[in-house]
Peer 1: 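Quick one: the structure is below, and I'll ask about it shortly.
The basis for the numbers below is simple: all heavy atoms, side chains too, and nothing from hydrogens, waters or symmetry mates. Only a predicted model underlies this, so the values are computations on that prediction, with no experimental measurement involved. Chain A is the first sequence line, chain B the second, and so forth, proteins listed ahead of strands; every chain is numbered from 1.
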Amino acid sequence: MIDISILRKNPGLLEAALARRGLDLDVGAMAETDAARRRVRAEAEGMRAEQRRLGRQISRLEGGSKQEAIARASEVASAYRDRLARADELDERFTEMWVRVPNLAHPSAAEGFSDEDSLEIRRWGEPAADGAAPKDHRELGAALGMIDIERAAKVSGARFAYLTGPAVIIELGLVRMVLDFLADKGFTPMVPPVLVREQALFGTGFFPDEDQQVYELAGDDLYLIGTSEVALAAYHAGEVLEEADLPIRYAGFSTCFRREAGAHGKDTAGIFRVHQFDKVEMFSFCRPERSWDEHEMLLSLEEEIVRRLEIPYRVVNVAAGDLGASAAKKYDIEAWIPSQQRYREITSCSNTTDFQSRRLRIRFRSEGGNRLVHTLNGTAAAVGRLLIALLENHQQEDGSFAVPEALRPYVGFDRVG
RNA sequence: GGAGAGGUGGCCGAGCGGUCGAAGGCGCUCGCCUGCUAAGCGAGUAGGGGGUUGAAAACCUCCUCGAGGGUUCAAAUCCCUCCCUCUCCGCCA
């Protein structure tokens, strides 16, 4: 949710912002409904004030004059109820529209509407030439006893995998390496709940826009998170934080669940796009003034992790029209995938400014009143995709996999195969 | 899963149909006192909408005592549903 004052003071600006995202929402209807709801609510409140005045008199009256006053108050009360119902109705109609308005894209977000419009910022490392790394992660994973997709299909269907043997040790080592690295930078490690209420998903902006991506439990009003961002953001919902405590940074490790509805036929090979994977996610609550610095910092941490794993990558600035509802700006890191001879997304880092904190009511105490914090999130390690990048980029001529130096102390071996 | 007790401001905690957005305490802010600090004394201190204003301040007003409904002229207070916490029993990694 964005600050409503832009609708009241500068609807043209809002229209332009929506156009930049390729959205065509009826700003005029929003402004009209907003004005109507305020007018009607003011009328209702006037009636309510009168009713309360009468109520206070009644408590001091006796006998006949009391009965008379009660009759009068009764009339006012009923008129108020009608007006209030009308105001609630208008509120609801307005909210339905307003909730669809995404965050305003930052001026520095790339122009365009799809992933092809992403703006490359920089590259690092030497991409393996075609043929130099002959096997894809699927072949390697099967040959080295690390990934079993066929049996996963038997048990759970398409887009699932068993990680087996050395892959498990590598996952745990990777997670531990990244948590150590982040703890050292002031992040508090967390293992959050993976089942959350609807409110957490609405608060983070996944609802109503991306509800088709989210698994819902049949018997309970709970949903499986697609990223620990949801549980980490909602952790401080409704709270007033101390300014001196900011920024508050968490490193959440959790399994993530995604329905991948509408992705049929896309990335069907291997574990690039699966329904379940484990991930370490960075999340930060900070003062609004520093969120753009914080964004750059989170990106730099992501890059450092990928560099330590010696994976060639590039950083892109995602196009405004390709952003999720909550993000004002987003950087993706894309790893070089030799078998595909192109860069593929392995991390993503967003500044959601006050979009989530407004919905979740997360504020901080500051001079002159409480203010909304800014929230940011960034992938530290998406295990499945990192495993792909690691296997393909560090495969050896003899078909084995060489563990990158930085990871060796955490896994206890230096090669597989 | 069964039984019981609770959810009140930044925190603790009283109130159990009207004068209550709410006693008291802690914390915080300002002032006084004091070699310094502590203590003491005095004052202030919930959040969120809307209106008014060029904007702010000031002012007016509504909402919020876990959430949502209901009864009533009037609800923190009575009724219903749900959520959460605690205790006991059961079950369990």
Peer 1: According to a strict under-4.0 Å criterion, is A:Arg8 in side-chain N/O contact with OP1 or OP2 of B:G50?
Peer 2: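 It does, given that an N or O in the side chain of A:Arg8 lies less than 4.0 Å from OP1 or OP2 of B:G50.
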Peer 1: When the distance from CZ of A:Arg81 to P of B:G69 is rounded to whole Å, what number comes out?
Peer 2: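 From A:Arg81 CZ to B:G69 P: 14 Å.
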Peer 1: Select base, sugar-phosphate, or nothing to describe what A:Arg72 touches, counting heavy atoms under 4.0 Å on all strands.
Peer 2: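 Counting heavy atoms under 4.0 Å across all strands, no contact is made by A:Arg72.
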Peer 1: I'd like to know if the side chain of A:Glu310 and the backbone of A:Pro404 have a donor-acceptor N/O pair within less than 3.5 Å.
Peer 2: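 Looks like no, no N/O pair under 3.5 Å.
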Peer 1: Counting the atoms with a prime plus P, OP1 and OP2 as sugar-phosphate, which does A:Arg37 contact under 4.0 Å by heavy atoms, base, sugar-phosphate, or nothing?
Peer 2: nothing
Peer 1: Using the C1' atom as the reference point in each nucleotide, state the distance between B:A75 and B:C79 in Å, no decimals.
Peer 2: 11 Å
Peer 1: How many Å lie between NZ on A:Lys66 and P on B:G18, as a whole number?
Peer 2: 11 Å
Peer 1: Distance check, P atoms only: B:C63 and B:U53, in whole angstrom units.
Peer 2: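 These two P atoms come out 24 Å apart once rounded.
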Peer 1: Any idea how A:His295 and A:Trp292 line up, ring-wise: parallel (<30°), tilted (30 to 60°), or perpendicular (>60°)?
Peer 2: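 Taking A:Trp292 first and then A:His295, their aromatic rings stand perpendicular (interplane angle over 60°).
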Peer 1: Do the charged groups of A:Asp322 and A:Arg21 touch, with an N to O distance under 4.0 Å?
Peer 2: no
Peer 1: What's the gap between B:G21 and B:G49 when it is taken at their C1' atoms, as a whole Å value?
Peer 2: 16 Å
Peer 1: Students often get this wrong, so: under 4.0 angstrom with heavy atoms, is A:Arg38 touching a base, only sugar-phosphate, or nothing?
Peer 2: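 Sugar-phosphate only.
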Peer 1: Using the P atoms only, state how far B:G24 lies from B:A14, rounded to an integer number of Å.
Peer 2: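 Roughly 15 Å separates the two P atoms.
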Peer 1: Give me the ring orientation class for A:His236 and A:Phe285: parallel if the planes are under 30° apart, tilted from 30 to 60°, perpendicular past 60°.
Peer 2: perpendicular
Peer 1: Expressed in angstrom and rounded to an integer, what is the separation of A:Ile58 atom CD1 from B:A75 atom P?
Peer 2: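 Distance, rounded to whole Å: 11 Å.
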Peer 1: Using purine N1 to pyrimidine N3 plus N6-O4 or O6-N4 for Watson-Crick, or N1-O2 and O6-N3 for G-U wobble, both under 3.5 Å, which nucleotide pairs with B:G17?
Peer 2: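 B:G17 is unpaired by these criteria.
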Peer 1: Within the modelled atom types, does a donor on one side and an acceptor on the other bring the side chain of A:Glu45 and the base of B:G49 under 3.5 Å apart?
Peer 2: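 Result: at least one qualifying N/O pair found.
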Peer 1: When you compare B:G35 with B:A22, how far apart are their P atoms, in angstrom units rounded to a whole number?
Peer 2: 40 Å
Peer 1: Does a salt bridge link A:Asp3 with A:Lys9, judged by any charged N lying under 4.0 Å from a carboxylate O?
Peer 2: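 No, this pair does not count.
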Peer 1: Under 3.5 Å for both donor-acceptor distances, Watson-Crick or wobble: does B:C32 have a partner, and if so which one?
Peer 2: B:G40
Peer 1: Considering every strand shown, what is the Watson-Crick or G-U wobble mate of B:G4 when both distances are under 3.5 Å?
Peer 2: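 Answer to the pairing question: B:C86, which forms a Watson-Crick or G-U pair with B:G4.
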Peer 1: Rounded to the Å, how far apart are A:Leu372 CG and B:G47 C1'?
Peer 2: 12 Å
Peer 1: What is the separation between atom CZ on A:Arg359 and atom P on B:G48, rounded to the nearest whole Å?
Peer 2: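 Result: 19 Å.
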Peer 1: If I pick the C1' atom on B:U81 and the same atom on B:C86, what distance separates them, to the nearest angstrom?
Peer 2: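 About 22 Å, rounded to a whole number of Å.
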Peer 1: Taking atom C1' in both B:U64 and B:U77, what distance in whole Å separates the two?
Peer 2: 16 Å
Peer 1: Looking at A:Ser400 and A:Leu144, what are the two nearest heavy atoms and their distance?
Peer 2: CA-CD2, 4.4 Å
Peer 1: Would you mind pulling out the nucleotide paired to B:A46, Watson-Crick or G-U wobble, both distances under 3.5 Å?
Peer 2: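 Partner of B:A46: B:U64.
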Peer 1: Would you kindly give the CG-to-C1' distance between A:Leu54 and B:U72, to the nearest whole Å?
Peer 2: 15 Å
Peer 1: So, is A:Arg52 close to the B:C73 phosphate, meaning a side-chain N or O under 4.0 Å from OP1 or OP2?
Peer 2: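 Negative; the distance criterion is not met.
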Peer 1: A:Ile4 CD1 to B:G51 P: how many Å, rounded?
Peer 2: 10 Å
Peer 1: Roughly how many Å apart are B:G25 and B:U45, using the P atom of each and rounding to a whole number?
Peer 2: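 Comparing P positions in B:U45 and B:G25 gives a spacing of 14 Å.
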Peer 1: Is the distance from OP1 or OP2 of B:C63 to the nearest side-chain N or O of A:Arg48 less than 4.0 Å?
Peer 2: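 The answer is yes; a side-chain N or O of A:Arg48 sits under 4.0 Å from OP1 or OP2.
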Peer 1: Would you say B:G48 has OP1 or OP2 under 4.0 Å from some side-chain N or O of A:Arg363?
Peer 2: yes
Peer 1: 5'-most contact on RNA chain B: A:Lys9 or A:Arg41, nearest heavy atom basis?
Peer 2: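 Final value for this comparison: A:Arg41.
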Peer 1: For A:Ala42 and for A:Tyr80, locate the closest nucleotide of RNA chain B by heavy-atom distance; then report the residue assigned to the nucleotide nearer the 5' terminus.
Peer 2: A:Ala42
Peer 1: Measure the distance from CZ on A:Arg53 to P on B:U61 and round it to the nearest whole Å.
Peer 2: 7 Å
Peer 1: Have a look at A:Gln51 and say if it touches a base, only the backbone sugar-phosphate, or nothing, with a 4.0 Å heavy-atom cut-off.
Peer 2: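 Since only primed, P, OP1 and OP2 atoms lie under 4.0 Å of A:Gln51, the category is sugar-phosphate.
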Peer 1: Using purine N1 to pyrimidine N3 plus N6-O4 or O6-N4 for Watson-Crick, or N1-O2 and O6-N3 for G-U wobble, both under 3.5 Å, which nucleotide pairs with B:G10?
Peer 2: B:C26
Peer 1: Just checking, A:Arg371 and A:Phe364: is the charged tip under 6.0 Å from the six-membered ring centre and within 45° of the axis?
Peer 2: no
